[in-house]
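Below is one structure, written out as C-alpha cells; the observations come after it.
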Amino acid sequence: MIQYTFVPAADSLRWQKYAGRDVIPLWVADMDFPAPPAVIEALQQRIAGGLFGYGQPLPSLVETVITHCANEYRWSVEPDWLVWLPGLVPGLHLACRSVGQAGDGVFTATPVYPPFLSAPVESQRRLLTLPLVRDESGWGWDFAAAHAVMKAARLFLLCHPHNPVGRAWRKDELWQLAALAEKYDLVVCSDEIHCDLTLNGAHQPFATLSPEIAARTITLMAPSKTFNIAGLGCAFAIIPDTRLRENFRSAMHGIVPHVNVLGLAACEAAYRHGDVWRKSLLDSLRGNAARVEQEIGKLPGLSMERIEATFLAWIDCRALGIEHPAAFFEKAGIGLADGRDFGPGNAYTQYVRLNFGTQRTLLDEALARITRACASL
Ligand SMILES: Cc1ncc(COP(=O)(O)O)c(C=O)c1O
C-alpha cells in the first residue's frame, strides 16, 4: 500500500470545483497520491538548473520509453515511431484531423471518455457510436452490430483499457476488433493511457497483434494517469506507419506546443524508477476497487461490474428511479462524474463514474454518504 500524507494541491481542478463545500470530489480522473519520490527528485534536480527554455526529449528518455514498451508489453518500438505530445486529448483530435477528410465517419463505442465524442465533431467528422453491451459476464462488444457502423467509418477510436467501464480488453476481443478494422479498412487510434493500471494481468497494446495491425494503428500512451502527473502534460503517440505518422505530424504544425521540460523529466524518471511505486499503487487500487464493488453491490438501487483496470468505477443507478443521479449524489456530498457526458443524448444520464484513486478513509466516507443517500429515498 502507498504511504503518504494527504493534502490536496491548492490549484487542483478536482478539489477546486467544490472549494468551501462539503462535497468529496471523486469526478475528474487524477489521484490523491503524490507522485513517486524518484519523479519528485528528478523534478527538483531539473528545476535547480534554473533554465526553462524550449525542450526536446533526450535520447535517454526515448530509450526509456522503448525499454518500457519492450519490458511491459513485449513491443519492439523504433525511436522514429514516437511523436511527443502535451496530452492524449490533443492526440485524439490529431488522429481525427489527420485521417481521411471532413465528413468522414469516426467510430467509437459508448459509454466512453467524453473527448472521444467531441473530437470527431470538432474535427468536422461524423461521429458514429455503438453501445457496449452488458450481460452476466460484464461489459463487452456487440460484434454483430459493429459491422454496420464500422462499415461507414474511416477511423476507429478505441479506448483500451476502457474508461469508464474498466475493461482491459482480452486478446480474443482485440482480435475481433482488428478483423473488423481490416475488413472495413479503418485506421485505429488506440488510447492506452490506462495501460499500466491493469489490476490483474498484463496489458496487450492493440498494435502488437500483428505487423499489419500495427501499420494501421496510432497508439496513444502517457505516464500521466499511472504516476499521477497529468498536470505536467507529457504524452506520446507511437505510429509505425510512415504516412500515418507524417499526416499526424503535419496536423500538429502551429497548434501543438513542445512538451514542457518538466513533463519530459518526470516522464523519464517515472518509467525508469517508478515501478516499485506503481506496484504498490496497484495494491492500493485493488483494495479500493474491491471496497467499492463490495459496498455498491450491497445497495439495491445501484450496480456495477468488476473493475479490471483504471481507478474508475462505472455505476448503474437506473434502479434508483431518480432522474439525475449525479445531481442527487452531489447534493448528498459526493461529487461524481455525470454519466450524461459519456454518450449521445441521454443514454447514460442514469449512470455515474466514481474515481477511487484516493485515500481509504475518504473513499469510505464517500461510500457511507452514497449508502445514506440511497437509504433516504
Ligand atoms: C481514456 C483517456 N484518454 C485521455 C485522457 C486525458 O489525457 P490528457 O490529460 O493527456 O489529455 C483521459 C483522462 O482521464 C482518459 O481517461
Side-chain angles (χ1 to χ4, degrees), residues 2 30-31 33 35-43 45-46 55-88 91 158-161 163 168-169 171 174 189-209 211 213-214 217-240 245 248 259-283 285 308-311 357:
I2 283 207
D30 57 22
M31 301 185 285
F33 307 120
V39 169
I40 298 170
E41 259 167 53
L43 288 169
Q45 270 182 27
R46 182 63 188 78
Q56 65 170 18
L58 286 166
S60 58
L61 171 55
V62 172
E63 184 52 42
T64 300
V65 167
I66 287 173
T67 305
H68 182 76
C69 290
N71 292 347
E72 293 297 321
Y73 333 119
R74 298 171 182 207
W75 189 9
S76 172
V77 168
E78 299 287 332
D80 64 358
W81 297 354
L82 294 176
V83 181
W84 292 86
L85 296 167
L88 258 80
L158 172 66
C159 196
H160 171 46
N163 169 8
W169 303 118
K171 197 168 180 168
L174 294 176
C189 176
S190 186
D191 176 334
E192 306 191 6
I193 197 169
H194 294 282
C195 63
D196 296 319
L197 293 173
T198 51
L199 302 181
N200 305 297
H203 171 76
Q204 170 150 30
F206 185 75
T208 60
L209 289 176
I213 290 300
T217 301
I218 297 168
T219 304
L220 302 176
M221 287 184 174
S224 52
K225 295 287 146 181
T226 313
F227 299 100
N228 206 23
I229 50 175
L232 290 171
C234 178
F236 49 91
I238 305 178
I239 315 179
R245 192 169 62 245
F248 188 91
V259 175
N260 83 78
V261 289
L262 298 183
L264 295 172
C267 180
E268 179 164 347
Y271 286 135
R272 201 176 270 273
H273 306 295
D275 212 47
V276 171
W277 183 93
R278 181 178 72 102
K279 299 238 159 74
S280 106
L281 169 73
L282 289 174
D283 281 344
L285 293 182
E308 297 174 350
T310 78
F311 47 89

Heavy-atom check, side chain of V77 versus side chain of V65, under 4.5 Å: no
Closest contact, heavy atoms only, L197 versus L282: CA-CD2, 4.0 Å
Answer yes or no: is there a donor N or O on one side and an acceptor on the other, between the side chain of N260 and the main chain of L232, under 3.5 Å? yes
Are any side-chain N or O atoms of E41 and backbone N or O atoms of A269, one a donor and one an acceptor, separated by less than 3.5 Å? no
Spatial distance of atom OG1 (T217) from atom CG (L158) [nearest 0.5 Å]: 9.0 Å
Heavy-atom closest pair, residues V259 and P86: CG2-N, 4.0 Å
Test log, rule ring-ring contact (aromatic ring centres under 6.0 Å, His included), inputs H203 and H160: CA-CA 9 Å; H203 171 76; H160 171 46; 4.5 Å; yes
T64 OG1 to Y271 OH distance, which is reported to the nearest 0.5 Å: 10.5 Å
CD/E78: more than 12 non-hydrogen atoms of other groups inside 6.0 Å: yes
Minimum-distance pair of heavy atoms, taken over all atoms of L43 and A266: CD2-CB, 4.1 Å
Contact between I229 and C234 at the side-chain level, heavy atoms closer than 4.5 Å - yes or no? no
Start with the C-alpha distance between R272 and S60, add both sets of side-chain angles, then the distance that settles side-chain contact (heavy atoms from CB on, under 4.5 Å), and finish with yes or no. CA-CA 10 Å; R272 201 176 270 273; S60 58; 3.9 Å; yes
Looking at every non-hydrogen atom in both residues, tell me the closest pair between A235 and A222 and how far apart they are. CB-CB, 3.7 Å
About how many Å separate SG of C267 and CE of M221, when rounded to the nearest 0.5 Å? 12.0 Å
If the threshold is 4.0 Å, N to carboxylate O, is there a salt bridge linking K279 and D283? no
Side chains of R74 and T208: does their closest heavy-atom pair fall under 4.5 Å? no
Is there a side-chain contact between Q204 and L209 in this structure, where contact means two heavy atoms from C-beta onward sitting under 4.5 Å apart? yes
Less than 4.5 Å apart, side chain to side chain, heavy atoms only: is that true for E192 and F206? yes
Work out which heavy atom in L85 is nearest to a heavy atom in G91; give both atom names and the distance. CD1-CA, 3.9 Å
Can you tell me how far OG of S190 sits from CG of L220, rounded to the nearest 0.5 angstrom? 7.5 Å
To the nearest 0.5 Å, atom CD of E308 lies from atom OG1 of T198 at 9.5 Å
Give a yes or no answer on whether the side chain of R46 reaches the backbone of L264 with a donor-acceptor pair at less than 3.5 Å. no
Could you walk me through whether F311 and N228 satisfy the side-chain contact (heavy atoms from CB on, under 4.5 Å) test, starting with their C-alpha distance in whole Å, then the side-chain angles of each, then the deciding distance to 0.1 Å, before giving a yes or no? CA-CA 11 Å; F311 47 89; N228 206 23; 6.0 Å; no
Considering all heavy atoms, the nearest P205-Y73 contact: CD-CB, 3.4 Å
Please check: side-chain N/O of W169 versus main-chain N/O of C159, any donor-acceptor pairing under 3.5 Å? yes
W81 vs W75 aromatic rings, parallel, tilted or perpendicular, using cut-offs 30° and 60°? tilted
Quick check for you: to the nearest 0.5 Å, what is the distance between L199 atom CG and T310 atom OG1? 7.0 Å
